[in-house]
Amino acid sequence: MEKEFTSLERARLEKIQRLRSQGIEPYPTRAQVTHSSTAAIQAYEDAEAASSDGKVEVTLAGRLRAIRPMGKIAFAHIEDGAGRVQLLFRVNELGQEKMDLFVREFDLGDFIQASGTMFRTRTGEITLQVKEFQMLAKAITPLPAAKDEVVDGDVVRHALLSDPETRFRQRYADLAVNPEVRQIFRTRAAIVRALRQFLDERGFLEVETPILQPIYGGAAARPFITHHNQLKQDLYLRISFELYLKRLLVGGLERVYEIGRDFRNEGVSFKHNPEFTQLEFYTAYADFESNMAFTEEMIVFVCEQVLGSRVFNFNGHEIDVTPPWKRISLRQALIDAVGIDIADYPTGESLAEAMRLHDLHPAAGATRGKLIDGMLGDYLEPNFIQPTFLYDYPRDISPLAKNKPGDPQTVERFEGFVGGMELCNAFTELNDPLEQEARFEEMGREYSSEDEEHHPLDEDYIQAMSYGMPPNGGFGMGIDRLTMLLTDKHSIREVILFPHLRSREED
RNA sequence: GGGCGCGUAGCUCAAUGGUAGAGCAGUGGCCUUUUAAGCCAUUGGUUGAGGGUUCGAGCCCCUCCGCGCUCACCA
């Protein structure tokens with residue numbers, strides 16, 4: 001397919017030709033940089049404070065974000081990873097030929113390098129007086145942004161790229177013109193770093209387990225299927241790490257965690273992307289109860305590391321993660337919210353009938369657990385704005401969790417909610433191999449084999465458990481959603497660098 | 001998958017069914033401390049794609065593509 005250039009791009013291609021005809025390489029191999037933009041400004045301020053006469057000589061590099069030619073002089077701003085700094089080009093300093101070169105052939109978006117002396121302009125802005133400059137990389141396509149304005153020291157961008165489709169399809173352009181987008185991903189990295197530090201300091205071992213799996217499991221989700229050609233074997237992209245991580249407990253690794261990608265072949269929404277990042281950890285001799293306190297401690301640690309605060313704003317709410325978080329049983333929460341005591345309805349049929357009496361609409365053919373889960377999502381989750389642990393879940397939607405003693409319908413499990421979203425999910429892990437096998441078979445009966453959430457029986461997992469698995473508590477949390485909370489973004493696409501979009505048809 | 005909305009210049013946006021426009025960017029010119037610099041001139045469009053109605057369609061109708069919101073779905 002022949003690439004078609006716009007008139008703006010053709011103008012810049014002609015500039016490349018002109019540069020080359022003058023013996024100037026528009027994409028030189030190397031740059032020499034002595035200071036970042038902010039470091040150069042700092043160096044000048046330091047020299048000023050010391051009232052030294054020593055001139056601050058620097059070589060800076062960055063992307064041209066503003067040019068203001070005024071005849072015999074021209075002001076420009078370049079932006080680098082640290083910030084932005086003004087450049088002053090003067091014909092007296094450079095000569096007419098170099099001045100013309102800059103004004104005629106350099107464009108917004110080009111990467112350039114400039115050397116000279118730092119000084120302060122009449123308006124007080126610390127600026128590089130340019131003695132030498134060169135092109136580092138010519139931009140052919142103009143950046144999708146208008147010029148910047150500086151108001152009281154703050155950069156105000158006009159006509160900034162806002163079309164979500166372009167922003168996500170051409171995330172590089174979004175990042176290039178929207179600095180706050182870059183900040184989201186710095187925050188995201190800081191969150192992951194804080195989680196690792198927290199777990200590493202507590203004796204956890206970070207591990208990696210298979211992404212390509214012969215049997216998927218550990219969650220109720222439809223998998224992506226792929227194929228190994230040479231082995232002639234279908235494989236699944238993992239939907240969770242759970243079953244592999246717990247195998248490691250059998251092997252004597254008592255505290256393990258993994259941060260990585262899960263893949264679920266389901267609909268996309270503001271809080272669902274087909275691939276997303278998950279943290280899971282498993283702790284021998286822990287249980288769901290101790291995991292609640294551990295979760296509170298971990299989230300507080302992350303917030304303090306990343307935000308320097310336990311309080312943040314999300315979607316117009318001030319959220320405070322200071323422990324203890326609200327704790328309420330799923331049963332009690334549903335009594336409060338919809339007036340149904342699930343303990344009174346031991347079967348799916350009776351619960352569905354009760355829901356109809358309360359003018360709710362039970363999904364046809366759903367199991368008791370799925371009905372409860374449905375009410376949870378509709379009537380509980382959106383209202384859990386402040387951090388809340390919901391605990392004691394129905395057994396039939398939790399096939400890997402251990403029974404609550406004395407209550408055969410309920411398992412020791414909790415989910416943590418913040419900002420009206422499920423953030424994490426944890427339970428006391430089932431470690432009885434015979435019961436685990438029975439649970440898988442139970443699932444097999446209740447969910448038809450056509451059901452997308454049908455759980456395949458992982459015999460090797462049973463085999464592992466039969467060697468003896470220490471009692472343990474497991475935990476899973478969506479990193480994307482935690483990032484949404486800490487950056488006050490309300491769509492998962494904002495916190496994923498390259499979110500999934502439908503392919504565009506070539507024409 | 002259903003419903004609602006959106007798609008116009010590189011970006012942000014206008015345009016009762018009646019000649020497709022503005023700001024910024026671009027191009028040419030003036031301009032030696034500006035900062036969305038300013039001033040003068042000027043280029044730029046298959047209005048997402050295709051079909052239909054009409055004397056005439058960016059606008060009305062149909063199909064398709066993409067995006068958003070929402071519902072369904074989602075341990």
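Every chain is numbered from 1, with letters handed out A, B, ... down the list of sequences.
In this structure B:U47 sits in no base pair that meets the Watson-Crick or G-U test at under 3.5 Å. Pair assignment for B:A75 gives none, since no Watson-Crick or G-U wobble pairing has each distance under 3.5 Å. Nucleotide B:A57 forms no Watson-Crick or G-U wobble pair with any nucleotide shown, as no partner meets the under 3.5 Å limit on both distances. Here B:G26 sits opposite B:U42 as a Watson-Crick or G-U wobble pair (both hydrogen-bonding atom distances under 3.5 Å). Pairing partner, B:G17: none, since no Watson-Crick or wobble contact has both distances short of 3.5 Å. Base pairing annotation: B:U35 forms no Watson-Crick or G-U wobble pair, as no partner gives both donor-acceptor distances under 3.5 Å. Remark: B:G66 base-pairs with B:C6. Criterion, Watson-Crick or G-U wobble with two distances under 3.5 Å.
Annotation: side-chain contact (heavy atoms from CB on, under 4.5 Å) contacts of A:A137 (sequence neighbours excluded): A:Y27, A:F111. For the side-chain hydrogen bond (donor to acceptor under 3.5 Å, both in side chains) test, residues two or more places apart in sequence or in another chain that qualify with A:Q86 are A:R68, A:T127.
The nearest whole Å value for the distance from the CZ atom in A:F414 to the P atom in B:A75 is 18 Å. Counting to the nearest Å, the P atom of B:A25 and the CZ atom of A:R12 are 12 Å from each other. Summarising the geometry, the separation between CG on A:L13 and P on B:G26 is reported as 16 Å, rounded to the nearest angstrom. With rounding to whole Å, A:L423 atom CG is found 21 Å from B:C74 atom P. The separation between A:L161 atom CG and B:A9 atom P is 14 Å, rounded to whole Å.
Among the protein residues, A:L501 comes within range of the sugar-phosphate backbone only, with heavy atoms under 4.0 Å from sugar or phosphate atoms but none that close to a base. Counting any heavy atom pair closer than 4.0 Å across all strands shown, A:P69 reaches a base atom. The residue A:S162 sits close only to the backbone: its heavy atoms come under 4.0 Å of sugar-phosphate atoms, none of a base.
Proximity of A:K370 to the phosphate of B:C74: a side-chain N or O atom is located under 4.0 Å from OP1 or OP2. The phosphate of B:C67 has OP1 or OP2 within less than 4.0 Å of a side-chain N or O from A:R169. Residue A:R493 has a polar side-chain atom (N or O) positioned under 4.0 Å from OP1 or OP2 of B:C69. In terms of phosphate contacts, A:R68 brings no side-chain nitrogen or oxygen within less than 4.0 Å of OP1 or OP2 of B:U34.
For B:A75 and B:C6, the C1' atoms lie 35 Å apart once the distance is rounded to whole Å. Taking atom C1' on both nucleotides, B:A72 is separated from B:U12 by 35 Å, rounded to a whole Å. For the P atoms, the distance from B:C13 to B:C4 is 25 Å, rounded to whole Å. B:G26 and B:C11 have their P atoms separated by 15 Å, given to the nearest Å. Between B:A37 and B:C24, the two P atoms lie 10 Å apart (nearest whole Å). Comparing B:U70 with B:G58, their P atoms are spaced 33 Å from each other, to the whole Å.
RNA chain B lies under 4.0 Å from at least one heavy atom of each of the following residues of residues 116-129 of chain A: A:F119, A:T121, A:R122, A:T123, A:E125.
Side-chain atoms of A:D163 and base atoms of B:U12 include no donor and acceptor less than 3.5 Å apart.
Other residues, nucleotides and ligands place no more than 12 heavy atoms under 6.0 Å from the CZ atom of A:R331. Within a 6.0 Å radius of CD in A:Q22, other residues, nucleotides and ligands contribute more than 12 heavy atoms.
For the salt bridge (Lys or Arg N to Asp or Glu O under 4.0 Å) with A:E494, the qualifying choice from A:K489, A:R167, A:R481 is A:R167, the only one to do so.
In this structure, a donor-acceptor pair under 3.5 Å is absent between the side chains of A:E289 and A:Y391. For the 3.5 Å distance criterion, the side chains of A:D80 and A:S37 qualify, holding a donor opposite an acceptor.
Using a 4.5 Å heavy-atom threshold, the side chains of A:K404 and A:F288 count as separate.
Nucleotides of RNA chain B nearest to A:K271 and A:S491 differ in position, and the one nearer the 5' end is that of A:S491. Taking the nucleotide of RNA chain B with the nearest heavy atom to each of A:R104 and A:H272, the more 5' of the two is matched to A:R104.
How far CG of A:L175 is from CZ of A:R182: 7.5 Å, rounded to the nearest 0.5 Å.
Side-chain proximity of A:K15 to B:G26, B:A75, B:U35: nearest is B:G26. Ranking B:A75, B:U34, B:G26 by closeness to the A:E415 side chain, first place goes to B:A75.
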